[in-house]
Amino acid sequence: MLPEPVPGDDAKPVADLPEVRRTDSARSRLTAAVSPEEAVVLQLQSAHLVERTTPDGFAPKIAAGLDVAYTPDSDRLVAAAVCVDIATLATVDSVVVRDVAGFPYIPGLFAFRELPALIPALDRLTVEPDVLVCDGQGLAHPRRFGLACHVGVLTGLPTIGVGKQALGRYEPPGPDRGDWKPLVDNGETVGRALRTQHGVKPVFVSIGHRIDLDTACDLVLRLSPEYRLPETTRAADHLGREVSAGRVRVQDVGD
DNA sequence: GCGACAG
DNA sequence: ATCTTGTCGC
C-alpha cells in the first residue's frame, strides 16, 4: 500500500515507522497494527495512488456492497460483502467475516478499523465483482484517502464511496432524484451530495479508485431505484445485522 | 483557542 | 456504529 519507493521521493516519515517498515506486502501494511499517527502518514503517502478515471470499456455487471456491523456489547464487528447483479439487483453472492476491532474509531481513520475484516470478506467472494460500493467516503476525506480509496487501491478494483453523512458542510441539492451539488473541500471538488429519492436526505458520493465522479453517481442512482441507499449497501447492512444479532450463525467444518 | 468530526 | 418508544404510511 505504501508507495513503492517512489523515485525521487525519499520520504523520511516511513523510516521512523518500524511497525510499518517491517511489513513487505502492500496488504499486510494495512492490516498491520499501526498507531493513529502512523495511520495518518500511511494515508498521506497513499493518496497519490488513487486513479480518478474510469477504465476503457467499463460496463459493470456485478457490484459488491461492503458494510460493517458492530456488536452491542464490545469491540466485535461483522464485515459483510454482498455481490449484486446490477441489472436485476438480485443478490448473487455474499460473505461475512467476524472479527475483533483492533483500532479505535477516529473520524478520518476508520478504514483502519474496518479493513482487517473487509478485505478477508472480499477475498472469500466466489463471484468476481466489477465494482465495489463502500459505505463511507472516498476522496471526500481530509487527506483524500477515505475508506473507499483504501479498499480500491488495495484490491485494484473500481470503487465508489457512498456515505450517509458528509464529513464537512455541503449545499443541499434540488429536491428531485438525481439532483446534486458538488462537495467542496479547500476549493477542490471531492464528491457530490446526490439525491437518490425525491425529498430524502442526499447521500455523499465520492471516487474510491479507478472511476470518475460522473460514472460513480450514475451507478449509485442505478443501484438506488427505490430507497435512499444503494441496494448493495442495503444488502450488506442487512446481512451484517442478522449475523451480528445472532439471528444467523455460521460455523465451518473441516477445512 | 473552540467546535465539529465518515462508521 | 448502537440503544430506544412511539408514530406515520404503504
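Lettering follows sequence order; numbering is per chain, from 1.
Within 4.0 Å of A:Gly146, counting heavy atoms only, lies at least one base atom of the nucleic acid. Note on A:Gly108: a base of the nucleic acid sits closer than 4.0 angstrom, heavy atoms only. A:Ala166 comes within 4.0 angstrom of sugar-phosphate atoms only, judged by non-hydrogen atoms across all strands, and of no base. Contact annotation for A:Gln165: backbone-only contact, meaning every heavy-atom pair under 4.0 Å involves sugar-phosphate atoms and none involves a base. Counting any heavy atom pair closer than 4.0 Å across all strands shown, A:Leu183 reaches no nucleic acid atom. Within the 4.0 angstrom heavy-atom criterion, base atoms lie near A:Leu147.
The separation between A:Glu226 atom CD and C:dC10 atom C1' is 11 Å, rounded to whole Å. Distance, A:Lys164 NZ to B:dA6 P: 11 Å, rounded to whole Å. Note: CZ (A:Arg113) to C1' (C:dA1) measures 8 Å, nearest angstrom. Rounded to an integer number of Å, the gap from A:Leu109 CG to B:dG7 P is 15 Å. Atom-to-atom, OH of A:Tyr70 to P of C:dC3 comes out at 14 Å; the value is rounded to the nearest Å. If you take CZ of A:Phe103 and P of B:dA6, they are 15 Å apart, rounded to a whole angstrom. What separates CZ of A:Arg76 from P of C:dA1 is a distance of 20 Å, to the nearest Å. Across the protein-nucleic acid pair, A:Leu167 atom CG and B:dG7 atom P stand 8 Å apart, rounded to whole Å.
Rounded to the nearest 0.5 Å, atoms CD (A:Gln137) and CZ (A:Phe145) are 14.5 Å apart.
In summary, A:Asp214 and A:Arg192 engage in a salt bridge, as defined by a charged side-chain N under 4.0 Å from a carboxylate O. A salt bridge between A:Arg195 and A:Asp176 is absent, with no side-chain N of the basic residue lying under 4.0 Å from a carboxylate O of the acidic one.
In summary, the side chains of A:Asp212 and A:Thr215 do present a donor paired with an acceptor at a separation below 3.5 Å, with no hydrogens or angles considered. A donor atom on one side chain and an acceptor atom on the other are found under 3.5 Å apart for A:Glu114 and A:Tyr70.
Within the structure, a side-chain polar atom (N or O) of A:Tyr105 is placed less than 4.0 Å from OP1 or OP2 of B:dA6.
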